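Since the structure comes first, as structure tokens, the remarks are kept for the end.
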Amino acid sequence: MLEGQGIIDGLEILPAEPKPYRVRVPAGIVHMDEDEASMFALGAVVGAFGGVARQHA
């Protein structure tokens with residue numbers, strides 16, 4: 001979802017690494033563990049869609 005929305009450039013998971021999640025963003029590659037990746041994903045979604053979710057119809 002984050003890649004489809006253009007928030008990240010890609011994601012690679014390497015299970016043998018201590019920080020297995022490789023998130024590609026415009027600034028480079030960020031290495032994350034599971035907790036960091038889940039918090040990043042939550043923050044990215046809130047940042048991208050929070051304003052839309054708060055709009056009143």
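Residue numbers run from 1 in the order of the sequence given. Every value quoted in this text rests on a predicted model; they were computed, and no experiment measured them.
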For this session: Would you check if Y21 and E36 make a side-chain contact, meaning some heavy-atom pair closer than 4.5 Å?
Result: no

Please tabulate, for the side chains in residues 40-49, all donor-acceptor contacts under 3.5 angstrom to protein atoms that are two or more places apart in sequence or on a different chain.
none

Problem set entry | Spacing of NE2 belonging to H31 relative to CD belonging to E12, to within rounding of 0.5 Å | 9.5 Å

Exercise. According to a 4.5 Å side-chain heavy-atom criterion applied to Ile, Leu, Val, Met, Phe, Trp and Tyr, with indirect links allowed, do V25 and M32 form part of one hydrophobic cluster?
Worked result: yes

Exercise. What's the shortest heavy-atom distance between I29 and R24, and which atoms?
Worked result: CG1-CG, 3.7 Å

Exercise. Does the side chain of I13 reach to within under 4.5 Å of the side chain of R22, using non-hydrogen atoms?
Worked result: no

Exercise. Shortest non-hydrogen contact from L11 to I8?
Worked result: CB-CD1, 4.4 Å

Exercise. With side chains defined as the heavy atoms from C-beta onward, is the minimum distance between D9 and P26 less than 4.5 Å?
Worked result: yes

Problem set entry | Distance (rounded to the nearest 0.5 Å) between E17 CD and D33 CG | 13.0 Å

